[in-house]
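The structure under discussion appears below in the form of structure tokens.
Hydrogens, waters and symmetry mates play no part in the numbers below; they use all other heavy atoms, side chains included. Bear in mind the structure is a predicted one, so any value in this text is a computation, not a measurement.
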Amino acid sequence: MSKNRYDIRKMCKEDISCVQEIERSLFSRPWSQQAFLQAMEQDTLYLVALEDNRVAGYCGMYCSFEEGEITNVAVATVKQNLGIGRTMMEELLRQARERGITHLFLEVRVSNENAIRLYRSLGFENCGIRKDFYEMPREDGMIMVLEQ
């Protein structure tokens, strides 16, 4: 099986409808288009992965001095397990380093083994559990941190 090539670039407003479509298909409490637009107006870094000029995934984080909070990492269901999430996260971490961001954190459902495995492989470590952090279904959130 040949490995597909994905282009990673900064998210723009024209990407929001495709991003929101993926968001709705994956999450029980999806962000709205307005939430993405508002996030992009702040000090954030949002990226999309494109295959044939179509959004296959996206990720992003809020930036504050040397700290980054990764808020979104998502890949369209039919494009999962192809390395897109890893490629996006590696680029997000690279751009974070360029901006002087050395402390990154995120939250992930404790049942999301694929995501946890990816984050650990990138150097993130579990630093705590937030009880009942997620809704629909109610579930604990694992807090993961990376010092780069």
Side-chain angles (χ1 to χ4, degrees), residues 3-64 67-99 101 103-124 126-146 148:
K3 195 169 189 178
N4 289 330
R5 181 81 184 139
Y6 297 95
D7 295 316
I8 309 294
R9 67 159 168 75
K10 186 176 179 179
M11 185 187 293
C12 61
K13 290 180 182 178
E14 291 75 25
D15 298 322
I16 299 296
S17 62
C18 290
V19 164
Q20 227 276 312
E21 184 179 317
I22 295 170
E23 181 85 359
R24 278 194 318 267
S25 74
L26 295 176
F27 300 110
S28 60
R29 308 274 312 224
W31 281 28
S32 66
Q33 289 187 19
Q34 190 61 33
F36 279 106
L37 289 169
Q38 288 174 343
M40 290 171 60
E41 292 173 358
Q42 298 177 37
D43 188 7
T44 57
L45 178 56
Y46 275 83
L47 305 175
V48 291
L50 301 173
E51 179 185 42
D52 299 325
N53 290 320
R54 174 111 175 113
V55 175
Y58 57 94
C59 64
M61 73 176 172
Y62 287 104
C63 307
S64 180
E67 191 168 277
E69 177 188 0
I70 297 174
T71 56
N72 309 76
V73 180
V75 176
T77 304
V78 297
K79 298 295 181 182
Q80 291 180 359
N81 300 310
L82 298 174
I84 299 169
R86 172 174 298 283
T87 302
M88 288 189 309
M89 285 295 294
E90 287 172 347
E91 180 61 17
L92 188 73
L93 296 177
R94 187 191 69 73
Q95 289 191 29
R97 275 191 304 276
E98 282 184 357
R99 291 180 68 159
I101 295 172
H103 180 81
L104 295 106
F105 65 97
L106 58 82
E107 285 134 358
V108 59
R109 285 182 180 270
V110 295
S111 65
N112 193 341
E113 295 173 7
N114 286 340
I116 292 168
R117 190 171 25 260
L118 169 64
Y119 301 144
R120 282 192 172 133
S121 75
L122 293 168
F124 284 85
N126 177 358
C127 72
I129 300 291
R130 289 198 175 152
K131 294 301 260 179
D132 298 329
F133 182 73
Y134 291 98
E135 298 176 354
M136 300 170 49
R138 185 161 301 286
E139 185 173 358
D140 295 347
M142 179 185 295
I143 306 164
M144 300 188 81
V145 174
L146 172 66
Q148 60 174 7

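Glu23 CD to Tyr58 OH: the interatomic distance, rounded to the nearest 0.5 Å, is 3.5 Å. For the atom pair CZ of Arg138 and CZ of Phe133, the computed distance is 11.5 Å after rounding to the nearest 0.5 Å. Between Glu135 atom CD and Arg29 atom CZ the span is 4.5 Å, to the nearest 0.5 Å. The CD atom of Glu69 sits 11.5 Å away from atom OG1 of Thr44, with the distance rounded to the nearest 0.5 Å. Annotation: the span from Asn126 atom CG to Met144 atom CE amounts to 6.0 Å, rounded to 0.5 Å. For the atom pair CG (Asn72) and CG (Leu47), the distance works out to 11.0 Å, reported to the nearest 0.5 Å.
Using a 4.5 Å heavy-atom threshold, the side chains of Phe105 and Glu67 count as touching. Residues Val75 and Tyr6 are not in side-chain contact: their nearest non-hydrogen atoms beyond the backbone lie 4.5 Å or more apart. Taking 4.5 Å as the limit, some side-chain heavy atom of Leu146 sits within range of a side-chain heavy atom of Leu93. Considering only heavy atoms from C-beta on, Arg9 comes within 4.5 Å of Asp15 through its side chain. Annotation: side chain of Leu92 is not in contact with side chain of Ile8 (no heavy-atom distance under 4.5 Å). When side chains are defined from C-beta on, Leu26 counts as touching Gln80, because their heavy atoms get closer than 4.5 Å.
The pair Arg54-Glu51 does not meet the salt-bridge criterion, since no charged nitrogen lies less than 4.0 angstrom from a carboxylate oxygen. Using a cut-off of 4.0 Å between Lys/Arg side-chain N and Asp/Glu carboxylate O, Glu98 and Arg94 are scored as salt-bridged.
The two residues Gln33 and Ser17 make their nearest non-hydrogen contact at NE2-CA, 4.0 Å. Shortest non-hydrogen contact noted between Leu118 and Met89 is CD2-CG, 4.3 Å. Nearest approach of Ala96 to Gln148, heavy atoms of both residues: CB-NE2, 3.7 Å. The minimum heavy-atom distance linking Ile70 with Phe124 is given by the pair CD1-CZ, 3.7 Å. Across all their heavy atoms, Gly141 and Val110 have their closest contact at C-CG1, 4.2 Å. Smallest separation of non-hydrogen atoms from Met88 and Cys59: CB-SG, 3.7 Å.
Asp132 places no side-chain N or O within donor-acceptor distance of the main-chain N or O of Glu139, the cut-off being under 3.5 Å.
A donor-acceptor contact closer than 3.5 angstrom is absent between the side chains of Arg99 and Gln95. Checking Gln42 against Gln38 by side-chain atom types alone, no donor-acceptor pair falls below 3.5 Å.
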Evaluate the side-chain contact (heavy atoms from CB on, under 4.5 Å) criterion for residues Val108 and Val73: first the C-alpha distance (whole Å), next the side-chain angles of each, then the deciding distance (0.1 Å), finally the verdict. CA-CA 10 Å; Val108 59; Val73 180; over 6 Å; no
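Relative ring orientation between Trp31 and Phe36 is described as tilted, the plane-to-plane angle lying within the 30° to 60° band.
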